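Written out below as structure tokens is the structure these notes cover.
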Amino acid sequence: MSSPTFRLYNTLTHETEPVEPIEEEHLRFYSCGPTVYTYAHIGNFRSFVTADLIRRTAEALGWDVTNVSNVTDVGHLTQDDLVDPGGADKMQQALEREGERFANIYDLARHYTEAFLDDWRALNLREPEVRPRATEHVTDQLEAVIELVETGHAYTTDRGVYFSVDSIDDYGHLSGNTEAEQLQATDRDVVEDPGKQDPRDFALWKHDPDHLMHWHSPWGWGFPGWHIECSVMGMRYLGNRFDLHTGGEDLIFPHHDCEIAQNKALAGGPTVNYWVHTRFLQVEGKKMSKSEGNFYTVRDLINPDSSRDDHHVPLPLRKNGGVDPLALRYTLLQGQYRKPFNFTLDTLETAARHVQRFRDASERVDDAIEADVDGPDPIGPELGDCYDEMLAAMCDDLNTPAATAAALDGVKTIEQADRLSGAAAYSARHWLDRTNALLGIVKSEHDTSDASPSEADLSAAHLSGSIDELLAEREAARKDGEYARADAIRDTLDALGIEVMDTPDGPQWDRKREL
RNA sequence: GGUGACGUGGCCGAGUGGUCAGGCAGAGGCCUGCAAAGCCUCCUACGGCGGUUCGAAUCCGCCCGUCACCUCCA
């Protein structure tokens, strides 16, 4: 069948448009990454998952993909900074907060970058082709700022260098914040640089020799403005024209409006065709915040033992002590990226069960492939249709709830097949692999095999001997009709956190799911 | 004040003019010594008020509500 048309909502035009890459069947896009001053939370990852799904959908269509996804490891200004140029930025604040942990600001950045990449892999996100760091491109940024000054798009004051928004057309088009007066009208708690020519002008370079990260420039020691790094790194790796740019909705203004302005000035015209923004998620119906107690970092959930305050996480479906990372990913797919999404632990629990169904089906299929029983393949065509449905849903502005619903139908098809012939198993394997390539919810694509077993594994191994004994005893009791004794044994196991299930193939047990 | 998004059953969430979303929870049934799991069936909603139409959750208007951004938070 012919491929569906890949459509995405473009913030620039307020319309869902067919994605037509500049280079045929080669999608080139830039994703705004995190500032690494703390552990990433699940909301951060919602937008990275969006970028990952764009990649996967494009690849499913047979396209090549080049994705640049940056890490912002330069601490940028907080509002306090504008009041007091010697004040702290977010990274500096973090360093002050956790002084003993890190030798210096670069150590802190390195630590949180590594943690971010761990989370990235845990959530089964595919690697970008280029992952540039802002600190590695300061020279490029300086050159860009110099060029902007030389071409009359920027000017200097004694506090820094500013981009002149009047020097280009249509500043603020992306966000709709086009009126200077309206920007001024808002009650902003910001002290302006009196040298600024227009209240909308934004910093390209900040003069500040005392900043913890500073570089030499024609304007003295200082550090680059926030917006310039993405312009420079995007154009450096993707050229003056590329297809698409992703980020969280908060970046629409000012970050992306400023980036568009800079790119226009540097490239002589528009650089990006499609702007895709991910909506913030809420948790339990409220804005995620530490004071509400509904703030979850990724590692809070998937690795609670290593987190300092994990007591507030009522963990559903623990797996080796934490939430199954794929369940977290699956949960994030339960809402379309462009709509407000209410993240709840209830949804997470459900997601864990669904992900387990994919795993179980996958194991069953592998066994059936090994057994390779002769027989017909009654499920192949159905699974093929199911995949088409999933891909069509993804192409429809990343309709992940519809895609996962279709995927669930597929796994149900496999579950309901009485016996899997070798042929049917092969079809199922093919479907599971393609489903995983598209949605990443069946198994991790990163090597996460842990050489050293976790404590939970060890205690499970220690327990399993006695569990088997108890189970055998219970089976004997059941055979003799001593159900009271059998139930008592089951209660004992239950108290140990072991759940017993009688199946046609004999009793099975699993660690009990908590919530 | 400005800008942008969104309001679907107990809950989460698809659906853009007329026949199905799906999941979770709940009810009944099959299976089971009893459970668990699984399977089958049931539960029929579209913020409010107008309008367009033979017909609207779906299009238009107004209102109400929620969320986000408005100089560095994905």
Side-chain angles (χ1 to χ4, degrees), chain A residues 9 11 14 31-35 37-38 40-51 72 75-79 81-82 89-90 172 174-179 181-190 192 196 199-203 225-227 246-255 257-258 277-282 285-288 331 334-344 346-347 349-351 353-354 357 360 389 393 396 399-409 412 415-416 478-479 481-484 486-487 490 494 499-504 507-510 512:
Chain A
Y9 182 83
T11 309
H14 307 299
S31 307
C32 274
T35 303
Y37 63 93
T38 184
H41 56 68
I42 55 177
N44 297 126
F45 267 92
R46 188 180 195 204
S47 75
F48 305 139
V49 165
T50 299
T72 296
H76 290 291
L77 297 171
T78 63
Q79 290 193 355
D81 247 315
L82 295 174
D89 63 54
K90 285 190 180 302
L174 183 70
S175 66
N177 293 328
T178 54
E179 300 297 323
E181 302 76 43
Q182 285 164 2
L183 272 181
Q184 261 180 313
T186 187
D187 182 23
R188 288 183 299 153
D189 194 18
V190 173
E192 296 288 347
K196 270 172 74 169
R200 298 172 298 166
D201 291 349
F202 55 89
W226 177 38
H227 313 303
T246 67
E249 63 170 329
D250 58 319
L251 299 181
I252 296 171
F253 189 88
H255 188 53
D257 261 325
C258 294
H277 293 100
T278 302
R279 193 81 150 80
F280 276 14
L281 56 72
Q282 292 184 271
K286 289 182 187 144
K287 178 173 177 156
M288 181 164 65
T331 303
Q334 293 315 293
Q336 196 235 13
Y337 76 97
R338 201 156 62 77
K339 288 200 171 176
F341 174 64
N342 187 16
F343 182 98
T344 66
D346 193 52
T347 309
E349 187 193 357
T350 303
R353 282 214 291 276
H354 289 326
R357 285 174 71 179
D360 291 345
E389 204 177 313
D396 180 18
N399 191 341
T400 47
T404 49
L408 219 45
D409 277 342
K412 196 178 281 185
E415 287 168 348
Q416 287 178 356
R478 289 181 69 207
K479 218 157 256 167
E482 294 179 45
Y483 295 119
D487 289 348
R490 186 163 64 193
D494 189 78
E499 188 172 38
V500 178
M501 288 158 286
D502 295 322
T503 74
Q508 294 197 340
W509 64 272
D510 204 351
K512 202 164 60 177

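Naming: A, B, ... by sequence-line order, numbering from 1 per chain. As the structure is a computational prediction, the values presented were derived from the model and not from experiment.
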Side chain of A:Asp487, base of B:G33: donor and acceptor closer than 3.5 Å? yes
Can you tell me, in whole Å, how much space there is between the C1' of B:G26 and that of B:G2? 46 Å
Does B:A74 have OP1 or OP2 under 4.0 Å away from a side-chain N or O of A:Tyr337? no
Assign A:Phe341 to base, sugar-phosphate, or nothing according to its heavy-atom contacts below 4.0 angstrom with the strands shown. sugar-phosphate
Do A:Thr278 and A:Ser47 have side-chain atoms, one donor and one acceptor, less than 3.5 Å apart? no
In the strands shown, is B:G65 matched to any nucleotide by a Watson-Crick or G-U wobble pair with both distances under 3.5 Å, and which? B:C6
Gap in Å between the two C1' atoms, one belonging to B:G48 and one to B:U66, rounded: 15 Å
As its Watson-Crick or G-U partner within any shown strand, both distances under 3.5 Å, B:G33 has none
Just N and O in the side chain of A:Arg279: are any of them under 4.0 Å from OP1 or OP2 of B:A74? no
Are B:A74 and A:Phe48 stacked, with the base six-membered ring and the side-chain ring centres under 5.5 Å apart and planes under 30°? no
Atom C1', compared across B:C59 and B:A27: separation rounded to whole Å: 39 Å
For B:C72, the Watson-Crick or wobble partner whose two distances fall under 3.5 Å: none
Here's a test of your reading of the structure: between A:Asp250 and A:Ala402, which maps to the more 5' nucleotide of RNA chain B? A:Ala402
Re B:C42: Watson-Crick or G-U wobble partner, both distances kept under 3.5 Å, found to be B:G26
Counterpart base for B:G50, defined by Watson-Crick or G-U wobble contacts under 3.5 Å: B:C60
Look for any protein N or O under 3.5 Å of an N or O in nucleotides 37-39 of chain B and output each such pair with its distance, or none.
none

Between A:Lys339 and B:G13, is there a contact of a side-chain N or O with OP1 or OP2 at under 4.0 Å? no
Using the closest heavy atom to pick a nucleotide of RNA chain B for each, name whichever of A:Arg490 or A:Thr344 lands nearer the 5' end. A:Thr344
From the options B:C72, B:C6, B:C12, select the nucleotide whose nearest atom is closest to the side chain of A:Pro340. B:C6
Decide side-chain contact (heavy atoms from CB on, under 4.5 Å) for A:Ile42 and A:Met288; before the verdict, give the C-alpha distance in whole Å, the side-chain angles of both, and the deciding distance to 0.1 Å. CA-CA 10 Å; A:Ile42 55 177; A:Met288 181 164 65; 4.0 Å; yes
Does B:A21 have a Watson-Crick or wobble mate here (both distances under 3.5 Å), and if so which one? none
Distance between P atoms of B:C11 and B:C46 (Å, rounded): 12 Å
Which word best sums up how the rings of A:Trp226 and A:His255 line up, parallel for under 30°, tilted for 30 to 60°, or perpendicular for over 60°? parallel
Apply side-chain contact (heavy atoms from CB on, under 4.5 Å) to residues A:Thr350 and A:His354 and explain how you reach the verdict. CA-CA 6 Å; A:Thr350 303; A:His354 289 326; 3.4 Å; yes
B:U41 and B:G4: how far apart are their C1' atoms, nearest whole angstrom? 45 Å
Let's test your reading of the model: under 3.5 Å, does the base of B:C34 pair with the side chain of A:Asp502 as donor and acceptor? yes
Same-atom distance (P) from B:G17 to B:C30, integer angstrom: 44 Å
Side chains of A:Leu174 and A:Phe253 in contact at under 4.5 Å (non-hydrogen atoms): no
A:Arg478 bridged to A:Glu482 by N-O distance under 4.0 Å: no
Side-chain N or O of A:Asn399 closer than 4.0 Å to phosphate OP1/OP2 of B:A14: no
With heavy atoms under 4.0 Å as the rule, sort A:Gly247 into base, sugar-phosphate or nothing. sugar-phosphate
If we ignore angles and hydrogens, is there a donor and acceptor under 3.5 Å between the side chains of A:Thr344 and A:Thr347? yes
Can we say A:Asp360 and A:Arg357 salt-bridge, meaning some charged N sits less than 4.0 Å from an Asp/Glu carboxylate O? no
Less than 4.5 Å apart, any side-chain heavy atom of A:Pro34 and any of A:Asn44? no
For the side chain of A:Tyr483, starting at C-beta, report the closest nucleotide among B:A74, B:G33, B:C70. B:G33
Closest to the A:Thr347 side chain, choosing from B:C12, B:A21, B:A68: B:C12
